[in-house]
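Right, one structure below, let's go through it.
This one's a predicted model, so the numbers in the text were calculated from it and none came from an experiment. These values consider heavy atoms only, across backbone and side chains, with no hydrogens, waters or symmetry-generated copies.
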Amino acid sequence: MYIMHLCYIDESGTPEFQDNTSHYVLAGLSVPDEYWRQHHNQLESIKRRYGLENEEIHVAWMMRSYPEQNHIDGFEFMDFARRRLEVSKKRKAELLRLQKSNNSKRYRQTRKNYAKTDAYKHLTSEERRQVVTDIATLISDWGVTRLFAECIDKVHFDPTITNMPIHEQAFEQVVSRFEYFLKNTQSSYGLLIHDNNQTVAERHTELMKTFLRKGTLWTQIEHVIETPMFVDSQLTSMVQLADLCAYAIRRYLENSEEHLFDLVFKRADRIGDTSVGVRHFTSPGCSCKICTSHRSPY
């Protein structure tokens with residue numbers, strides 16, 4: 001009997017050198033099809049507990065500070081509905097104030113921040129952190145899942161050597177490692193399910209067509225079928241888990257934040273004690289947990 005492994009892919013950080021992130025991380029979380037329903041239901045159960053039914057889990061926005069909550073007396077003792085109402089009132093007042101100040105740039109940025117965090121405004125900062133921890137713990141307990149990731153230190157990346165931009169090298173690496181995993185498990189095929197980033201969707205589709213014909217630099221592609229399916233992460237909960245994994249890895253590499261990383265890194269594909277599913281592309285001699293587990297920083 002053949003098993004289909006669904007590999008959900010998302011990124012954290014950007015591939016551009018000009019932004020304020022030092023790393024770009026592309027992560028793929030693979031789930032066997034026979035466990036998909038069980039895992040999906042477990043994730044939805046956590047989301048319901050925190051009033052996040054049908055909402056996207058976008059960790060970077062959840063982990064931000066929501067300063068208006070600090071100005072609402074007794075906020076933590078309110079029910080979710082009352083919290084939403086009180087935060088909405090504070091945010092509406094702030095947007096009106098910014099409109100009158102003629103600071104259009106600040107107004108646009110604040111409006112964007114409010115839109116991106118609207119789904120989580122009823123949760124305290126501690127509750128938001130707990131949601132993310134609960135989901136990361138869930139992932140760590142899924143023994144049948146596998147994590148693949150390419151983590152690129154942009155300071156040490158030279159596109160003239162690789163002849164590829166950062167996001168393309170990362171994609172080739174993740175696809176190659178997923179293929180190796182499928183070969184090693186035998187009787188398995190895999191499908192890539194990618195967050196629908198319009199800037200890379202067309203290019204990654206063309207790359208995958210090339211990989212299917214010619215292979216990658218590292219291996220022939222015999223078990224990953226078709227080109228990636230691009231889906232809306234707001235509507236596909238399991239892609240949101242890849243977002244969490246990519247975020248946890250990047251925050252560990254950039255800020256030494258270990259809590260979430262240690263949970264998701266348990267699921268890195270391994271051969272024996274060696275992590276073969278996650279790689280940190282950086283300078284020689286790196287002593288991070290990824291490089292130590294991978295045995296080599298390159």
Side-chain angles (χ1 to χ4, degrees), residues 10-14 18-23 25 43-140 195 233-234 237 239-264:
D10 205 350
E11 62 187 3
S12 184
T14 71
Q18 297 82 10
D19 77 343
N20 59 359
T21 61
S22 65
H23 283 73
V25 177
L43 173 61
E44 291 302 309
S45 177
I46 292 175
K47 292 170 71 173
R48 282 194 300 273
R49 192 186 314 156
Y50 292 95
L52 295 172
E53 302 93 328
N54 303 315
E55 301 293 355
E56 179 179 12
I57 298 298
H58 198 300
V59 181
W61 289 104
M62 294 182 71
M63 301 296 268
R64 293 189 175 205
S65 172
Y66 301 178
E68 62 276 3
Q69 292 182 347
N70 299 328
H71 301 289
I72 300 173
D73 292 336
F75 181 80
E76 65 272 22
F77 302 112
M78 299 175 180
D79 61 27
F80 287 168
R82 187 68 186 181
R83 288 180 182 180
R84 288 189 181 99
L85 176 61
E86 294 300 325
V87 171
S88 295
K89 288 161 60 177
K90 290 288 186 182
R91 291 184 168 188
K92 180 65 173 178
E94 177 63 6
L95 288 176
L96 290 173
R97 185 188 71 81
L98 290 173
Q99 275 185 318
K100 294 177 181 178
S101 70
N102 294 320
N103 189 339
S104 58
K105 182 178 180 181
R106 178 73 180 277
Y107 171 78
R108 288 194 302 271
Q109 184 59 54
T110 301
R111 187 174 61 178
K112 175 184 176 181
N113 292 345
Y114 289 170
K116 293 290 187 179
T117 59
D118 186 69
Y120 326 117
K121 65 187 179 185
H122 63 289
L123 299 174
T124 65
S125 59
E126 182 178 347
E127 288 168 339
R128 295 195 304 275
R129 287 193 296 270
Q130 191 60 52
V131 174
V132 176
T133 296
D134 287 354
I135 296 174
T137 301
L138 190 67
I139 295 171
S140 73
D195 181 36
S233 61
Q234 289 184 316
S237 293
V239 171
Q240 299 164 24
L241 302 188
D243 168 76
L244 189 156
C245 291
Y247 173 90
I249 294 170
R250 184 177 64 81
R251 295 292 293 187
Y252 165 66
L253 293 173
E254 292 185 349
N255 301 85
S256 301
E257 297 175 10
E258 296 183 321
H259 177 57
L260 293 177
F261 172 82
D262 287 343
L263 289 169
V264 303

Side-chain donor or acceptor of [X] paired with backbone N/O of [Y] under 3.5 Å:
| X | Y | answer |
| --- | --- | --- |
| R128 | R64 | yes |
| D10 | A246 | no |
| Q99 | L96 | no |
| Y120 | H58 | yes |
| R83 | F75 | yes |
| S140 | T137 | yes |
| E11 | D243 | no |

task: Would you sort out whether R251 and E257 count as a salt bridge (charged side-chain N to carboxylate O under 4.0 Å, His left out), showing the intermediate values?
output: CA-CA 6 Å; R251 295 292 293 187; E257 297 175 10; 2.7 Å; yes
Hey, could you give me the [atom1]/[atom2] distance between [X] and [Y], rounded to the nearest 0.5 Å?
| X | Y | atom1 | atom2 | answer |
| --- | --- | --- | --- | --- |
| H23 | L253 | NE2 | CG | 4.5 Å |
| R106 | S101 | CZ | OG | 8.0 Å |
| L52 | E44 | CG | CD | 10.0 Å |
| Y247 | M62 | OH | CE | 10.5 Å |
| I46 | S237 | CD1 | OG | 11.5 Å |
| N103 | Q109 | CG | CD | 11.0 Å |

Between [X] and [Y], what is the shortest heavy-atom contact and its length?
| X | Y | value |
| --- | --- | --- |
| R49 | F80 | O-CE1, 4.2 Å |
| Y50 | E127 | CE2-O, 4.1 Å |
| Q240 | S233 | NE2-O, 2.7 Å |

- prompt: Does CG in N54 sit with more than 12 non-hydrogen atoms of other residues, nucleotides or ligands closer than 6.0 Å?
  reply: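 Open: at most 12 neighbouring heavy atoms sit under 6.0 Å from CG of N54.
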- request: Check the pair L260 / Y252 against side chain to side chain contact (heavy atoms under 4.5 Å, CB included), numbers first and verdict last.
  value: CA-CA 8 Å; L260 293 177; Y252 165 66; over 6 Å; no
So, do [X] and [Y] sit near enough that their side-chain heavy atoms are less than 4.5 Å apart?
| X | Y | answer |
| --- | --- | --- |
| R91 | E68 | yes |
| Y114 | K121 | no |
| K47 | E53 | no |

message: Using salt bridge (charged side-chain N to carboxylate O under 4.0 Å, His left out), reason through R84 and D118 one step at a time and then give a plain yes or no.
response: CA-CA 9 Å; R84 288 189 181 99; D118 186 69; over 6 Å; no
- prompt: Out of I72, D73, L85, V87, which residue meets the side chain to side chain contact (heavy atoms under 4.5 Å, CB included) rule with M78?
  reply: I72
task: Quickly, which of I139, V25, V59, L263 forms a side chain to side chain contact (heavy atoms under 4.5 Å, CB included) with C245? Name it, please.
output: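 Of the listed residues I139, V25, V59, L263, the side chain to side chain contact (heavy atoms under 4.5 Å, CB included) partner of C245 is I139.
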message: Between E254 and T21, is the side-chain hydrogen bond (donor to acceptor under 3.5 Å, both in side chains) condition met? List the steps.
response: CA-CA 8 Å; E254 292 185 349; T21 61; 4.5 Å; no
- prompt: So Y66 and L123, side chain to side chain contact (heavy atoms under 4.5 Å, CB included) or not? Walk me through it.
  reply: CA-CA 10 Å; Y66 301 178; L123 299 174; over 6 Å; no
task: Run the numbers on E126 and R129 for salt bridge (charged side-chain N to carboxylate O under 4.0 Å, His left out), then give the verdict.
output: CA-CA 5 Å; E126 182 178 347; R129 287 193 296 270; 5.4 Å; no
message: Determine whether E86 and R82 satisfy the following criterion, salt bridge (charged side-chain N to carboxylate O under 4.0 Å, His left out), listing intermediate values before the conclusion.
response: CA-CA 6 Å; E86 294 300 325; R82 187 68 186 181; 2.9 Å; yes
